[in-house]
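Below is one structure, written out as structure tokens; comments come after it.
Both ligands and their constituent atoms are indexed starting at 1 by order of listing. The structure presented is a predicted model; accordingly, all values stated were derived computationally and were not measured.
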Amino acid sequence: MEDFLPIKGTDHVEFYVGNARQAVHYYRTGFGYANTAYSGLETGNRAAASYVLEQGKIRLVLTTSLTPDHAIARHVHLHGDGVAVIALAVPDAEKSYYEATKRGATGAIPFTEVTDAYGAFRYAAIRAYGDTLIKFVDRSDYRGVFAPGYQARPGFEEWGEGNGRTRHTGYGLAHIDHIVGNVELGAMNRWVDFFAHTMGFSQLLHFDDKDISTEYSALMSKVMQDGSGKVKFPINEPAEGKKKSQIQEYLDYYLGPGAQHIACSTSDIIATVTHLRENGIEFLRVPPTYYELLEARVGKINEPIDKLAELGILIDRDEEGYLLQIFTRPVQDRPTVFYEIIERHGSRGFGKGNFQALFESIEREQALRGNL
Ligand code: FE2
């Protein structure tokens, strides 16, 4: 069957934040991103300031409002710092918008083409969970650093797509592996249907993708992916447990559904996490006992277990291979958005075997916040 909404990958993820200038410093010195482009008062943007950050193929945009009555300011007032836009690279933004809205998606930004000296930049957007937008971006005829209205930072003028760009490798974060959304109790299947019917995604059927509702996890999750498998959106909803679900804690502080975590891949998680830890990025800790029975659970792996234990990196295996992963603490004061760093060796799962150890760790932190 023809894919009515072909997707080339994740173009960028845009956060609305309270203070973009300071957040950029955290992403640069903590995570190793380069600030490649900027839009703000100096470039003629009177409403907002935006900073483009790049590492590997990952592109993040941090945006803040310059006035109190702007939609960006209201987003931050309500949600705190959070993901406002998930932008997908598509071959035809107009057709993507048409196909999705025809199937019931709510339009947010109609098809728009903006041109400048670097060519034509085309986009449109639909509404996803909560106040999150899914934006369709076609930059195939655009050679500028990011988008019209943005100015390249010194040293990054030649970085436009198609200009023989050299990627900033930073600490080895390479691409976005998946973006997880948290939705309200009872809403997971509605969003699974949304991605299936309006965007042509399919549910990633995997042995660990059954509903995962345990005493520890207190969540249910299903994974949706596009036709090419380049974009994966797991959807979580809280489940009844003995204690308050971590998903419910997120919903309470984000004041609604939204993106919970962004998983970034690396091909050398030990090197990446070593750098990030040195730079002050805080990660969740699992009890040392996690590593004692590890070999019996996951079998032989290439990486030294003592090194993984020292850094707090988790390991999971399924019939296709194994994966290494670690989760940051929330990256703002509200217990909402966080990052995952992941290195895959064959496994296409999401680390279900680590849920129990992780959730014990998350619950310890929830208890410290008085939210358990
Ligand atoms: Fe994940």
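Of all protein atoms, those of element N, O or S that lie under 2.8 Å from the Fe ion (ligand 1) number 3.
Checked against a 6.0 Å centroid threshold, the rings of His261 and His178 count as neighbours. Between Phe327 and Phe283, the gap from one ring centroid to the other reaches at least 6.0 Å. The six-membered or imidazole ring of Tyr98 lies away from that of Phe111, with a centre-to-centre distance of 6.0 Å or more. Tyr123 and Tyr97 have their aromatic ring centers separated by at least 6.0 angstrom. Between Tyr253 and His79, the distance from one ring center to the other does not fall under 6.0 angstrom.
Geometric assessment of Arg153 against the ring of Tyr38 yields a positive cation-pi assignment under the 6.0 Å and 45° thresholds.
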